[in-house]
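Scroll down for the structure; my scribbles are underneath it.
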Amino acid sequence: MELKKLKGFRDLLPDETPLWQHMEAKACQVLEAFGYREVRLPLLEDTALFRRSIGEATDIVEKEMYTFTDTGGNSVTLRPEGTASAVRAYLENGLARSAPKARWYYMGPMFRRERPQKGRLRQFHQIGVECFGWAEPEADAEVLALLWDLFSAFGLSDRLRLEINTLGCSADRAAYVEALRAHLQALRLDLCPDCQRRIDTNPLRVLDCKKERCRQLTADAPRITEAVCGECAAHFARVREILDRVGLAYRVNPRMVRGLDYYNRTTFELLAEGLGAQNAVAAGGRYDGLAEALGGPPVPALGFALGMERLGLLLDPEAAPAPTPTAYWVTRGPEAAALALALRRKLAARGVGSAMDLAARSFKAQMRAADRSGARFALILAEDEMADGTVTVKDLSTGSQETVAADDLISYLMGHIATPA
RNA sequence: GUGAGUGUAGCUCAAUGGUAGAGCACCGGACUGUGGAUCCGGUGGUUGUGGGUUCAAAUCCCAUCACUCACCCCA
């Protein structure tokens with residue numbers, strides 16, 4: 001086999017798709033209960049959208065995007081995240097004027113050309129939420145509560161930790177970055193090589209270094225939570241007050257860093273055990289400046305995205321068993337096979353699933369297949385049944401069987417489906 | 001981009017320089033129109049690829065590719 005899938009891409013075979021359908025269905029249910037509505041946005045966008053939103057100097061834009069020139073000569077990019085497209089769509093469709101308050105969610109593939117590892121692929125899938133139009137801390141609290149309840153719905157609340165932080169406004173952040181950089185310069189030679197580089201590229205990352213020595217050296221570095229302006233501090237305090245009031249557990253982590261440039265004020269991560277090094281299962285924050293950066297009016301907004309592969313790693317595959325047909329046909333002879341197809345169509349139209357082998361195999365082989373399919377009933381159709389217009393219905397859970405007129409098959413089965421064996 | 005580990009049947013793994021095997025799965029038979037349990041049989045391999053050492057290589061050496069995990073970065 002010389003043709004292989006690309007590195008970091010995966011096939012989801014039928015044994016795995018039930019779990020994905022489960023994730024999607026459960027998420028839709030919770031998100032819509034909070035008033036969020038689904039949007040479906042393009043996978044391919046103008047490259048400039050991501051350069052302007054994510055940040056020119058980020059790793060994502062600098063070296064991880066799937067960017068190419070299409071045959072029309074335009075530079076286009078497979079979306080590496082969802083927020084940029086959502087804001088673009090919000091602005092482009094005039095929502096800022098017609099319906100400025102909007103709660104959106106989306107799910108689907110994102111693409112980043114990173115080195116694959118546990119919980120990280122080049123095509124990965126996110127469920128994302130964007131809440132447009134409210135600058136109030138109540139919006140932050142709603143989104144955080146929604147995030148938590150979403151994972152609670154999957155039964156994961158006792159395995160997760162919510163961490164929150166504030167980045168202040170852009171002026172706060174710029175001032176803080178310079179203060180931090182100055183502080184770190186004094187420590188430069190004692191820090192690890194990665195951190196020495198980070199002082200210049202992204203000083204906030206130094207605070208997030210995994211090396212114990214770096215963490216000790218930066219223990220008394222200035223904290224962003226103490227450096228933000230009065231308004232931002234009040235906003236953050238109010239968010240925490242609401243979270244406390246509704247009983248949502250969280251931890252303030254002033255060292256938490258965001259990878260995308262557009263975040264301001266509240267940011268957060270949901271961390272999980274058992275995911276290896278990629279332990280953030282969801283993350284997000286407020287991005288009040290993004291709409292303007294993309295050429296629109298100011299639109300206060302925030303959102304988050306969760307990694308579906310990472311969520312899937314936390315779930316028990318048994319939670320989403322494979323679907324089984326209600327019945328399995330056991331036939332002999334070409335006339336019987338044709339009649340079985342006709343009856344399968346009628347059953348399917350009533351929502352009753354039935355499967356069958358399409359090769360003329362022995363009764364024994366077909367019965368074995370019926371058993372393995374998980375079907376409740378075997379529907380036997382051969383010479384005898386064809387002669388008198390009946391189907392022999394065998395209940396595979398009890399072994400008992402009855403002869404049923406072919407015309408009565410649908411009502412017979414529908415009457416018995418509800419009845420446990 | 002950097003580092004480490006691993007590559008043998010569809011899957012999980014044996015075979016420590018001397019005939020490439022087992023379990024599971026799949027197909028069939030025992031049981032000619034009746035599943036699950038049991039027993040029997042069968043299909044399935046250029047041992048990732050290329051080169052080297054050797055009388056002889058899955059095994060040792062080199063290269064290369066792939067996968068996995070970690071760093072970086074991030075959901």
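First the proteins, then the strands, lettered A, B, ... as listed; each starts at 1.
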Check your understanding: Is the distance from OP1 or OP2 of B:C72 to the nearest side-chain N or O of A:Arg198 less than 4.0 Å?
Key -> yes

**Study point:** Base B:C69 paired with A:Lys118 side chain (donor-acceptor, <3.5 Å)
**Key:** no

Check your understanding: What is the nucleic acid contact for A:Gly284, judged by heavy atoms within less than 4.0 Å: base, sugar-phosphate only, or nothing?
Key -> nothing

Review point. Which is true for A:Ala378 with a 4.0 Å heavy-atom rule: it touches a base, it touches only sugar-phosphate, or it touches nothing?
Key: nothing

Review point. Within less than 4.0 Å of OP1 or OP2 of B:C27, is there a side-chain N or O belonging to A:Arg372?
Key: yes

Practice item. Check every strand shown and say whether A:Arg115 touches a base, only sugar-phosphate, or nothing at a heavy-atom separation below 4.0 Å. Key: base

Exercise for review: Describe the nucleic acid contact of A:Ala282 in one word from base, sugar-phosphate, nothing, applying a heavy-atom distance below 4.0 Å.
Suggested key: sugar-phosphate

Review point. With a non-hydrogen cut-off below 4.0 angstrom, is A:Leu121 in contact with a base, only sugar-phosphate, or nothing?
Key: base

Review point. Is A:Lys210 near enough to B:C71 that one of its side-chain N or O atoms lies under 4.0 angstrom from OP1 or OP2?
Key: yes

Exercise for review: Would you indicate whether the side-chain heavy atoms of A:Ser85 and A:Phe50 approach each other to under 4.5 Å?
Suggested key: yes

Exercise for review: Mark yes or no for a side-chain to base donor-acceptor pair under 3.5 Å between A:Gln117 and B:C72, with no hydrogen or angle criteria applied.
Suggested key: yes

Check your understanding: Would you say the base of B:U34 and the side-chain of A:Arg368 have a donor-acceptor pair closer than 3.5 Å?
Key -> no

**Study point:** Sugar-phosphate, base or nothing in reach of A:Arg10, heavy atoms under 4.0 Å
**Key:** nothing

Check your understanding: Between B:G28, B:G33, B:C72, which nucleotide gets closest to the side-chain atoms of A:Asp384?
Key -> B:G33

**Study point:** Under 3.5 Å donor-acceptor pair, A:Glu62 side-chain atoms to B:G1 base atoms
**Key:** no

Study note, to complete from the structure: When rounded to the nearest 0.5 Å, the distance separating CE of A:Met308 from CG of A:Leu315 is 9.5 Å

Study note, to complete from the structure: Among B:G29, B:C73, B:U34, the one nearest any side-chain atom of A:Ile380 is B:U34

Check your understanding: Can you find an N or O donor on one side and an acceptor on the other, under 3.5 Å apart, linking the side chain of A:Arg120 with the base of B:C73?
Key -> yes

Check your understanding: Is A:Arg37 salt-bridged to A:Glu32, going by a charged N under 4.0 Å from an acidic O?
Key -> no

**Study point:** Salt bridge A:Asp140-A:Arg240, side-chain N to carboxylate O under 4.0 Å
**Key:** no

Check your understanding: With no angle test and no hydrogens, is the base of B:U34 tied to the side chain of A:Lys364 by a donor-acceptor pair under 3.5 Å?
Key -> no

Check your understanding: Is there a donor on the side chain of A:Gln401 or the base of B:U34 sitting less than 3.5 Å from an acceptor on the other?
Key -> yes

